[in-house]
Amino acid sequence: MSRRARFAWFWLAAITIVVLSPVASIAAGESIGGKLIQTVGTEKTPVESATVIILQDGIEIGTGQSDAEGAWEIPVPAAGVYDAQLDTSTLPDGVGLTDPEKEVLTDINVREGQAKKVIFPLGVGSVSSVSTYDRVGALFVSGLKLGAIIALCAVGLSLVYGVTGLVNFAHAEMVTLGAVTAYFFHASAVGPQWPLLIASVPAVLVGAGFGWAQEEGLWRPLRARSVGLVAMMVVSIGLSFAVRHLILIFFGGEPRAYPDFAGQPPIEIFGISVVPKNLVTIGVALVVLAGVGLFLQRSRAGTAMRAVSDDADLAESSGIDVNRIILITWMLSGGLAALGGIFFGLNEAVQWDMGFRLLLLIFAAVVLGGLGTAYGAMVGGFVVGIAVEMSTLFMPNELKTAVGLVVLIVILLVRPQGLFGTKERIG
Amino acid sequence: MDWGSIFIDGILATIGPVTAAYAISAIGLNLQFGYAGLLNFGHVAFMLVGAYGMAITVDLGGPLWLGIIVGILTAAVLGFLLGLPTLRLRADYLAITTIAAAEAIRLVVRSSWAQPLTNGVFGIQGFADSFFDLNPFPPAELYGIGSLVVTGRKLWVMIVGWTIAVLMTLLIRRLINSPWGRVLKAIREDEDATTSLGKNVFSYKLQALMIGGAIGGIAGMLLAIEQQNVTPDAYLPQVTFILYVIVILGGAGTILGPIVGAVVFQFLFFTVDALMVNTQANIDWVGDLLTPAAAGQVKLVLVGVGMMVLMVFRPQGILGSREEALIDER
């Protein structure tokens, strides 16, 4: 071996060792880490004791703080896809992200045994970091947004309960199906790749169609066999489980985002920075919910729906085709759930179990408003959404779903018939 | 396709410690759902608090026997706390609340807020060494006939697990054939009539929830000991759904139902899984249609379908009687 070649080998080995050593030292497990360095011109300053949060599917996995060198490292339980969020309120004054959109780095793919490095680009920040007013305002808006999504989904569940007495656990899958269908028409490689706005139309139709198919193919025959309501609820859990895993088989387990409207820059309204798509979500939901209200109050089918809800036998004897009304209710319920699912996917991610994760909050909303009351479910949705988001003011972010569920249990303790429910025996 | 090895593996999985744990948990659920008519859809929470109660006690330096007592007590206390607000509610409300409570508990346990105690998503490992120290069989030695063999370690867990399952079955038989058990069945059949006879319905339901919960806690501990590992994401709601399939399949409200259900379910579950993985790998058009991971999910789809079909066509399961199984509005 010539001297030159030996020299090259030496350096290659040295570089390999240097490069691999951080990996080797923590080979026991996967982690995400990086260095927080503020760059102003050519001057680089490490940022100490700033908090980074690692999330997966919106659930917190771990937190860590940067040391005196600005370095941080957070172990993660397994290889997979994670998000890293820099808690900007823990940055020192005068330090901020050069790109405010980079507060959350999404889709960090950690391979088996990998110590993944990510970078938050830091520069000169606005001197006063986020004030309480801004934070409360921003949380309120995202609470409204989540509330709007929950309300859209909850109305249908409550209406179906009203006309049939069934608590439909498979409602969650109507939500997921809407989001997934929209993804297929919008972003799938084999789909037509329409804009999301147009892709929503077939998605809502598929949701309504799923509602129709459920009623025609399953629930009406079961009612004809006079299967009890509790047994039907168990059937709906089985249906939910089966459909959820079918979606998993065909859609895969990865969370996916709609390419349209991803990474929208925020705008300022009353000093609060808001992403426009949140406002659109809230606006569309309010219009749709108002439309549902009008439909229930003014149209023949809506009035009949309320009549069946009150007393199905009486409605039938006064000439209402109860089965037809129930079918319309299922289709309305499926369509609304699909729309809610699209908005949920737009604001978080499209994933096979997104509906099931939302379902418990939908239940909380429905119970808060009173099972079977459409307007109660709407109000309940907004209350639960705002309560869940605002709770992050006092509580760790990852516990916010648990807050919604605790709200549900407390309501049942204090006022089991819900805000709008009539006092009946529910014990 | 190697049918012999699929069959052998299926039998091994069926008689293994996991089946025993599922059977024990189902015995607890059967007391609540089958005998008392309580639609508890958060049964997995009892397994979670049982396992964590034990693991945390050992993790903090306590002995394993103390951990087991703590685990049983925490599960019973959870039953009490969950029962107080919810047992007065109608069946559908009870189902919603229990599933919500179970998810809330799991989310709290996995949060970094609870990390000092629970170690968050990473869970707690290696707490059952003293259990395996008692193992009279050399852990690495193989026991069995022909190719149907298990290691000494597994055999030890199996023997303990199935012994507990039999003991719990005897306990339930004793309870159900007592005046206490008759009141419980009376509540399931007609709550108002039982109340009018001067029985405190609420108290009986609460007791059933607590005892069933404690049995669920024991099952959680057995699973945790077998794996020497507790992580919050092992306690997803789907565990409860699988337990329901087991209870209904075996026959809700029968003494032997949970054990029969668990054995039959595990055998079918495992065989379907092995079949799917095998066809995925060996038959081209299936391989094109499904990824290996997706082939593994087919069994879960079938669990859901099975739950529906059973509930509609044979709600009494394998052992139950039709009259007792017609659960309806309560």
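By convention in this document, chain letters (A, B, ...) are assigned in the order of the sequence lines, proteins followed by strands, and residues within each chain are numbered from 1. The structure displayed is predicted, hence computed values, not measured ones.
- Between chain A and the residues B:S111, B:A101, B:A104, the largest count of heavy-atom pairs under 4.5 Å involves B:S111.
- A 4.5 Å side-chain heavy-atom check between A:Q56 and B:V121 finds every atom pair outside the cut-off.
- Neither the backbone nor the side chain of A:I53 comes within contact range of chain B, judged by heavy atoms closer than 4.5 Å.
- Among the candidates A:G404, A:S236, A:A402, the residue making the largest number of heavy-atom pairs closer than 4.5 Å to chain B is A:A402.
- Going from atom CD of B:Q297 over to atom CG of A:L248 covers 4.0 Å, rounded to the nearest 0.5 Å.
- Both the backbone and the side chain of B:M308 come within contact range of chain A, each with at least one heavy atom under 4.5 Å from a heavy atom of that chain.
- Counting heavy-atom pairs under 4.5 Å between each of A:V406, A:T63, A:I237, A:V403 and chain B puts A:I237 at the top.
- Between chain B and the residues A:L399, A:L218, A:V410, A:V367, the most heavy-atom pairs under 4.5 angstrom are made by A:L399.
- Both the backbone and the side chain of A:L246 come within less than 4.5 Å of a heavy atom in chain B.
- Ranked by heavy-atom pairs under 4.5 Å with chain A, the list B:F241, B:Y244, B:F122 is led by B:F122.
- Taking B:E103, B:R106, B:Q115, B:R110 one by one and counting their heavy-atom pairs under 4.5 Å with chain A, the maximum is reached by B:R110.
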* Asked: Please walk me through it: do A:V366 and B:I96 pass side-chain contact (heavy atoms from CB on, under 4.5 Å)?
  -> CA-CA 11 Å; A:V366 169; B:I96 293 175; over 6 Å; no
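- Contact annotation for B:V298: both backbone and side-chain heavy atoms come within less than 4.5 Å of a heavy atom of chain A.
- The distance from atom CD1 of A:I409 to atom OG1 of B:T86, rounded to the nearest 0.5 Å, is 8.5 Å.
- For A:F250, no part lies under 4.5 angstrom from a heavy atom of chain B.
- Contact annotation: the side chain of B:I99 never approaches that of A:L359 to less than 4.5 Å [non-hydrogen atoms, C-beta and beyond].
- For A:V243, no part lies near chain B; criterion is any non-hydrogen pair under 4.5 Å.
- Of all the listed residues (A:L222, A:L239, A:L408, A:V167), the one sharing the greatest number of non-hydrogen pairs under 4.5 Å with chain B is A:L239.
- For chain A, no part of B:L82 is nearby; none of its heavy atoms comes within less than 4.5 Å.
- Using a 4.5 Å heavy-atom cutoff, the side chains of B:V303 and A:H245 are not in contact.
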